[in-house]
2 protein chains.
Amino acid sequence: MKIAEPTVERLVQYHRLLEQLVAEGQKVVSSQEMGEMLSFKASQVRKDLSYFGEIGKRGVGYHVDRLHKHISRILASPRKWSIGLVGVGKLGEALLGYQAFQNDKFHIRALFDVDTDKIGTEIQGILCYSVDDITEIVREKEIEVLILTVPGGAAQHVADRAVQAGTVKGILNFAPVSLSVPENVLLAAVDISVELEKLLFFLKHKEE
Amino acid sequence: MKIAEPTVERLVQYHRLLEQLVAEGQKVVSSQEMGEMLSFKASQVRKDLSYFGEIGKRGVGYHVDRLHKHISRILASPRKWSIGLVGVGKLGEALLGYQAFQNDKFHIRALFDVDTDKIGTEIQGILCYSVDDITEIVREKEIEVLILTVPGGAAQHVADRAVQAGTVKGILNFAPVSLSVPENVLLAAVDISVELEKLLFFLKHKEE
DNA sequence: GTGTGTGAAGTGGTTCACAGCG
DNA sequence: CGCTGTGAACCACTTCACACAC
């Protein structure tokens, strides 16, 4: 079955919302309510949720606990992914300390940096290697996912060298450049400066 | 004229690419080439660029310098935006240090945090205030854009209090929650954990 | 000949509207 | 009667295909 990117994005958000509702002890929720809380149309919510089989009760709504478990199963990983984080600057450290990165779906197995003060030390409990050795370490640790928090100028080079190891299946790129990778490597990009530029553009546009 | 969000996103990327080409001294570029470098279809590039008038030369391509200036003008701001950054943790500091944030389109006028060690001090040259005073300071400094790099639990509250000042026109939210704001406030969200979850989902999905 | 500009066709995602079940 | 599930209608963005300018 094919499943669209915007749908997955919303599923993750439903999941997060349901976690909250579970914690608050709410038993039942309607597509209407969920839509209001996340700013989606109720029909959108229903379509998304019905995608994986009938899970709601007509005339009632969705059982919070059941729905939460249901989506957990959809989003669940078959195993823990091995992740490598490249670039332990402020952004890299921010990610390491992030709530959502204390997750049982993956394990950050190695850090990489160019800074000799960092190489060989542990940061937040994870050993930092030299980016020069990235091909070898990625292969050795069988790292499948790469998080790139390096300056734009370094990103393509680093990606190439890591992909060379042959184990990398996906890259989450925070560097403000468009990477090219082999087509069997999934690429997701978070471009912070583009988001800000977009916001400013639409603000300007609205004023005109 | 109405202009679609994906188009703006690409415009920002063309602009960045052209900056590079200008620096490298390339004189002319085709939609084909630009498409390859950014992983867009050539026809997409042409459609985007023709949106604002004929700018290319048939049989030749686009004059790099001219096109760069052209897009600059499209993306240009009417004036410098006043920005406030809320939450001077690792992520907030990362943004402050960011290349793209040394930009002539805006000026970060104030920082906000709850940490009494930070309040009253300057960080990267900008004074940090208590979030308790956010309504007053935002009004006083006429802050129009807010960057939220606070924990999820605090985001809605902070946003409400800031919006109360009456000057806020847009919010760039990095907190992993869905905010509700008055409809005259533009909202852009960068949800890092959602991006990672999405990537992992599609990796899993591909393997099945 | 070469590469742009663009109407027309295609694709993919969202919203509607209502049947159907609890 | 209320709220879900879902085909059909709608809408938005992308891609094609070709006329046209250089």
Side-chain angles (χ1 to χ4, degrees), chain A residues 1-14 17-18 21 26-71 74 178 194 198 201-202 205, chain B residues 1-14 17-18 21 26-71 74 178 194 198 201-202 205:
Chain A
M1 182 184 33
K2 198 188 141 292
I3 158 137
E5 204 209 287
T7 307
V8 179
E9 175 141 2
R10 287 188 300 268
L11 280 175
V12 175
Q13 294 184 66
Y14 299 141
L17 175 63
L18 287 162
L21 296 182
Q26 186 171 335
K27 289 289 174 242
V28 167
V29 69
S30 68
S31 58
Q32 186 72 228
E33 290 176 85
M34 292 182 73
E36 270 161 27
M37 287 188 273
L38 296 171
S39 319
F40 307 143
K41 285 254 152 60
S43 57
Q44 180 76 79
V45 175
R46 292 201 300 278
K47 178 134 280 182
D48 288 338
L49 297 182
S50 71
Y51 229 81
F52 298 89
E54 299 198 9
I55 188 72
K57 285 208 194 331
R58 295 173 192 227
V60 180
Y62 300 90
H63 188 281
V64 171
D65 210 59
R66 188 163 133 70
L67 182 57
H68 176 251
K69 288 211 179 70
H70 186 70
I71 300 182
I74 295 165
S178 159
V194 170
K198 266 165 47 181
F201 176 84
F202 283 113
H205 206 68
Chain B
M1 180 183 34
K2 200 190 139 290
I3 158 134
E5 204 210 287
T7 307
V8 179
E9 175 139 2
R10 287 189 301 269
L11 279 175
V12 175
Q13 296 184 64
Y14 299 141
L17 175 62
L18 287 162
L21 296 182
Q26 187 172 333
K27 288 289 173 241
V28 166
V29 68
S30 68
S31 58
Q32 186 72 227
E33 290 175 85
M34 292 182 73
E36 272 161 25
M37 288 188 272
L38 296 171
S39 317
F40 307 143
K41 286 251 149 59
S43 56
Q44 180 75 81
V45 176
R46 291 201 301 278
K47 178 133 281 184
D48 288 338
L49 297 182
S50 69
Y51 229 79
F52 299 88
E54 298 200 10
I55 188 72
K57 286 213 193 327
R58 298 176 189 222
V60 180
Y62 299 89
H63 188 279
V64 171
D65 210 58
R66 187 162 134 72
L67 182 56
H68 175 251
K69 288 211 178 71
H70 185 71
I71 300 181
I74 296 165
S178 158
V194 169
K198 267 165 48 182
F201 175 83
F202 283 113
H205 206 67

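Residue numbers begin at 1 in each chain, while the letters A, B, ... track the order of the sequences.
When side chains are defined from C-beta on, A:Tyr62 does not count as touching A:His68, because their heavy atoms never get closer than 4.5 Å.
If A:Thr7 and B:Val60 are placed on DNA chain C by their nearest nucleotide, the residue sitting closer to the 5' end is B:Val60. Mapping A:Gly59 and A:Tyr51 onto DNA chain D via the closest heavy atom, the residue that lands nearer the 5' end is A:Gly59.
The side chain of A:Ser50 sits closest to D:dT6 out of D:dT14, D:dT4, D:dT6. Nearest nucleotide to the A:Arg58 side chain, out of C:dC21, C:dT4, D:dT15: C:dC21. In the set D:dA21, D:dT14, C:dA17, D:dT14 carries the atom at the smallest distance from any side-chain atom of B:Arg10. Side-chain proximity of B:Ala4 to D:dG5, D:dC22, D:dC13: nearest is D:dC13. Listed candidates were D:dA17, C:dG22, D:dT14. Nearest to the side chain of B:Ser43 is D:dA17.
The shortest distance between the side-chain N/O atoms of A:Tyr62 and the OP1/OP2 oxygens of D:dG5 is below 4.0 Å. Residue A:Ser31 has a polar side-chain atom (N or O) positioned under 4.0 Å from OP1 or OP2 of D:dT4.
Between A:His205 and A:Phe201, the ring planes lie parallel to each other; the angle is under 30°, not in the 30° to 60° tilted range.
Counting to the nearest Å, the P atom of C:dG3 and the CG atom of B:Asp48 are 19 Å from each other. As a whole-Å value, the separation of A:Lys2 NZ from C:dG12 P is 6 Å. Distance A:Phe52 CZ to D:dG5 P: 13 Å, rounded to the nearest Å. Per the geometry, CD belonging to A:Gln32 stands 13 Å off P belonging to D:dG2, to the nearest Å. The interatomic distance linking B:Arg46 (CZ) with C:dG3 (P) rounds to 10 Å, in whole Å. Taking atom NZ of A:Lys41 as the reference point, atom C1' of C:dC16 lies 10 Å away to the nearest angstrom. If you measure from atom NZ of B:Lys47 to atom C1' of C:dA9, you get 11 Å, rounded to the nearest angstrom. D:dT14 atom C1' lies 15 Å from atom CD1 of B:Ile3, rounded to whole Å.
Of the inter-residue distances, the one linking B:Ser31 atom OG with B:Glu36 atom CD reads 10.0 Å to the nearest 0.5 angstrom. Note that CG of A:Asp48 is 8.0 Å distant from CD1 of A:Ile3, once rounded to the nearest 0.5 Å.
Residue-level contact check: B:Ser30 touches the backbone only, with heavy atoms under 4.0 Å from sugar-phosphate atoms and none from bases. In this structure, B:Ile55 reaches the sugar-phosphate backbone alone: every heavy-atom distance under 4.0 Å involves primed, P, OP1 or OP2 atoms, never a base.
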- Message: Apply side chain to side chain contact (heavy atoms under 4.5 Å, CB included) to residues A:His70 and A:Phe52 and explain how you reach the verdict.
- Response: CA-CA 9 Å; A:His70 186 70; A:Phe52 298 89; 3.8 Å; yes
